[in-house]
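Data block below; observations after.
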Amino acid sequence: MKAKIDTGAKTSAIHAYKVREFDRDGAMFVSFYIHPVQRKKKPEIYCEAPVADRRAVRSSNGKEEIRYVIRTELQIGSDVWPAEFTLTNRDQMGFRALVGREALRKRYLIDPSRSFVQKQKTEK
């Protein structure tokens, strides 16, 4: 999934829709769908995750909303580590995922003059 690196955003976000909260053995979970490919409605991938938190997030347009927060693995190149993502509808945004500064902290130095520096994964 292509993601925008946004050091101006504290928290990372992923496009999610049909988000539903449910209880599993006394723990709060969310189910949701994602569209991993930009500007395409297919494929739709069903996901479930434990809720790590719910917090207020101010979007780039200045509106504040309460979002579910999940913890999942983030992979950039061969580096993989746990990161928090808020769930929000990013259908109208250029990228379906946004990687914020908390996920990048102490891992990468960002050069804003460069784009798409990761080699594309080739699948057979």
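Only heavy atoms go into these numbers, but all of them, side chains included; no hydrogens, no water, no symmetry mates.
When the options R105, R101, K10, R71 are evaluated for a salt bridge (Lys or Arg N to Asp or Glu O under 4.0 Å) with E84, the one that passes is R71.
A pairwise comparison of heavy atoms in S31 and Y46 identifies CB-OH, 3.3 Å as the closest pair. Closest heavy-atom contact between D111 and S113: OD1-OG, 2.6 Å.
Note: the hydrophobic cluster containing I70 also contains L104 (ILVMFWY, side chain heavy atoms under 4.5 Å, direct or indirect links). In the hydrophobic clustering of this structure, I66 does not group with V69; members are Ile, Leu, Val, Met, Phe, Trp, Tyr whose side-chain heavy atoms approach within less than 4.5 Å, directly or through other members. V57 and I34 sit in two unconnected hydrophobic clusters of ILVMFWY residues. Membership requires side-chain heavy atoms under 4.5 Å apart, directly or through other members. I110 and L98 are not part of a single hydrophobic cluster, where members link through side-chain heavy atoms under 4.5 Å apart.
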Show which side-chain atoms of residues 74-81 pair as donor or acceptor with protein atoms under 3.5 Å away, not counting sequence neighbours.
from, atom 1, to, atom 2, distance (Å)
Q75, NE2, G77, O, 2.8
D79, OD2, Y108, OH, 2.7
W81, NE1, A103, O, 3.0

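Residue-environment remark: CZ (R114) stays at or below the threshold of 12 foreign heavy atoms within 6.0 Å.
Look at R55 and D53 and you find a salt bridge, because one of the NZ, NE, NH1 or NH2 atoms lies within 4.0 Å of a carboxylate O, short of that distance. A salt bridge is defined here as a Lys NZ or Arg NE, NH1 or NH2 lying under 4.0 Å from an Asp or Glu carboxylate O, and E65 with R58 fails to meet this definition.
Taking NZ of K18 as the reference point, atom OH of Y33 lies at 5.5 Å (rounded to 0.5 Å).
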Run the side-chain contact (heavy atoms from CB on, under 4.5 Å) check on V19 and Y68 step by step: do they pass?
CA-CA 9 Å; V19 179; Y68 290 103; 3.8 Å; yes
Using side-chain contact (heavy atoms from CB on, under 4.5 Å), reason through T72 and F85 one step at a time and then give a plain yes or no.
CA-CA 7 Å; T72 190; F85 282 82; 3.7 Å; yes
Dump the intermediate steps for side-chain contact (heavy atoms from CB on, under 4.5 Å) on F22 and M28, then the final yes or no.
CA-CA 6 Å; F22 67 95; M28 189 183 342; over 6 Å; no
Between L87 and V30, is the side-chain contact (heavy atoms from CB on, under 4.5 Å) condition met? List the steps.
CA-CA 10 Å; L87 304 180; V30 284; 3.8 Å; yes
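Ring centroids of F95 and H15 are separated by 6.0 Å or more, keeping the two rings apart.
Using a 4.5 Å cut-off on side-chain heavy atoms (C-beta onward), E44 and Y17 make contact. Put simply, the side chain of P36 reaches to within 4.5 Å of the side chain of I45, judged on heavy atoms.
One N or O on the side chain of S12 and one on the backbone of G100 form a donor-acceptor pair closer than 3.5 Å. The closest donor-acceptor contact from the side chain of R96 to the backbone of V37 lies under 3.5 Å. In this structure, R90 contributes its side chain and A13 its backbone to no donor-acceptor pair below 3.5 Å.
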